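For clarity, every value in this text was computed on a predicted model and none was experimentally measured.
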Amino acid sequence: MLQQPEENGGVVGRLARLGLVLPEPTRPLAAYVPVAPYGPWIFVAGQLPMVEGRVAYVGRVGKDLDLQAGREAARTCALMILAQLAALGPLEDFRLLKVTGFVAAGADFTQHPEVMDAASEFFLEVLGEHGRHARAAVGVVSLPRGAAVEVEAVAVRISG
């Protein structure tokens, strides 16, 4: 059974125990907004695996990168989604509903769900039941800036 984040010092406390801190939310790379709130709904634009202002995982999974690197890229994207949500308020105020992951992959690669499991598992680990979500994992030929993975999310504000 998953514990709620509040029971363990909140989401930021859980991140700290994992050795993570929320990064600054990234700015859009083109003509869009990174987060679009509409009533209680929060639409988070696709997040790339950014570390210190650069795409940290470049290439196609199954061709240039192995499965583990793809999983790390997806987890990094998930952290970026949390950073975008945190810019709107405490992470305990949000519940994820839908996550869509795009995996740049080699032609024979079929483990898109396993790549995206890393993001899903991360959300559950830090958000508890509020991180449980519906999901799609889609393989693509390329992504912006050569990123290996891009993840977008839909959340709802449950308090605040």
Side-chain angles (χ1 to χ4, degrees), residues 1-28 32-52 55-57 61 65 67-105 110-140 143-144 147-160:
M1 178 176 197
L2 295 171
Q3 294 178 308
Q4 290 300 319
E6 299 82 359
E7 296 173 11
N8 286 317
V11 176
V12 173
R14 282 189 168 191
L15 288 169
R17 281 189 288 287
L18 294 171
L20 300 170
V21 294
L22 284 174
E24 287 293 318
T26 57
R27 295 177 181 244
Y32 64 92
V33 295
V35 180
Y38 184 77
W41 301 93
I42 312 295
F43 297 86
V44 182
Q47 299 295 300
L48 301 179
M50 304 293 283
V51 175
E52 297 179 2
V55 178
Y57 298 88
V61 183
L65 303 169
L67 176 62
Q68 185 57 37
R71 289 178 52 82
E72 291 167 10
R75 186 177 164 107
T76 302
C77 293
L79 182 63
M80 297 309 301
I81 286 172
L82 294 184
Q84 295 292 353
L85 289 173
L88 301 177
L91 288 170
E92 288 78 11
D93 290 353
F94 302 100
R95 185 191 188 304
L96 283 181
L97 298 176
K98 176 75 186 319
V99 171
T100 303
F102 303 93
V103 180
T110 60
Q111 294 177 289
H112 309 90
E114 289 87 343
V115 170
M116 284 305 301
D117 278 348
S120 295
E121 292 160 1
F122 178 74
F123 287 133
L124 287 168
E125 188 173 12
V126 298
L127 298 175
E129 286 297 320
H130 292 172
R132 194 172 299 283
H133 56 272
R135 188 188 81 195
V138 181
V140 297
L143 288 167
V149 178
E150 180 175 357
V151 180
E152 68 178 21
V154 177
V156 65
R157 189 182 299 267
I158 55 174
S159 63

| said: Just checking Tyr38: does its OH atom have more than 12 heavy atoms from other residues, nucleotides or ligands closer to it than 6.0 angstrom? | reply: no
query = Does Arg157 reach the main-chain N or O of Ile42 with its side chain, forming a donor-acceptor pair under 3.5 Å?
reply = no
Smallest heavy-atom separation, Phe94 atom then Gly89 atom, equals CE1-O, 3.7 Å
- Message: Main chain of Thr26, side chain of Gln84: is a donor-acceptor contact present, judged purely on distance under 3.5 Å?
- Response: yes
Closest non-hydrogen atoms of Leu88 and Pro37, given as atom of the first, atom of the second and distance, are CD1-CG, 4.3 Å
Worksheet item: Taking C-beta and beyond as the side chain, do Leu97 and Trp41 meet within less than 4.5 Å on heavy atoms?
Response: yes
After noting the C-alpha distance and the side-chain angles of Leu127 and Leu82, does the key distance pass the side-chain contact (heavy atoms from CB on, under 4.5 Å) rule? CA-CA 10 Å; Leu127 298 175; Leu82 294 184; 4.0 Å; yes
- prompt: Is the shortest heavy-atom distance from the side chain of Val126 to the side chain of Leu79 under 4.5 Å?
  reply: no
Check your understanding: Leu20 versus Phe122: any side-chain heavy-atom pair under 4.5 Å?
Key -> yes
Heavy atoms of Leu22 and Ala83 approach each other most closely as CD2-N, 3.9 Å
Just wondering, are more than 12 heavy atoms of other shown residues or ligands nearer than 6.0 Å to CD in Gln68? yes
Under a 3.5 Å distance rule, please check whether Arg132 uses its side chain to pair with a backbone N or O of Arg95 as donor and acceptor. no
Tightest non-hydrogen contact, residues Val149 and Ala73, listed as CG2-CB, 3.8 Å
Hey, are the side chains of Phe43 and Glu152 touching, using non-hydrogen atoms and a 4.5 Å cut-off?
no
So, do Leu15 and Val21 sit near enough that their side-chain heavy atoms are less than 4.5 Å apart?
no
**OP:** Taking the side chain as every heavy atom from C-beta outward, state whether Met116 and Val99 have any atom pair closer than 4.5 Å.
**Re:** yes
**Asked** Just by distance, do the side chain of Arg135 and the backbone of Ser120 share a donor-acceptor pair under 3.5 Å?
**Response** no
Note: Ala155 and Leu85 closest approach over all heavy atoms is CB-CD2, 4.2 Å
Steps toward side-chain contact (heavy atoms from CB on, under 4.5 Å) verdict (Glu150, Leu48):
CA-CA 5 Å; Glu150 180 175 357; Leu48 301 179; 3.9 Å; yes
Scanning both residues in full, the closest heavy-atom pair of Pro49 with Ala147 reads CD-CB, 3.9 Å
Separation between CE (Met80) and CZ (Arg75), nearest 0.5 Å, reads 14.5 Å
dist Tyr57:OH -> Thr76:OG1 (nearest 0.5 Å) comes out at 4.5 Å
Is the closest side-chain heavy-atom distance between His130 and Leu96 below 4.5 Å?
no
Test item: Arg14 side-chain N/O and Glu125 main-chain N/O as donor-acceptor pair under 3.5 Å: yes
Are Gln111 and Arg71 side-chain neighbours, meaning at least one heavy-atom pair lies under 4.5 Å? no
Between the side chain of His133 and the main-chain N/O of Gly131, is any donor-acceptor distance below 3.5 Å?
yes
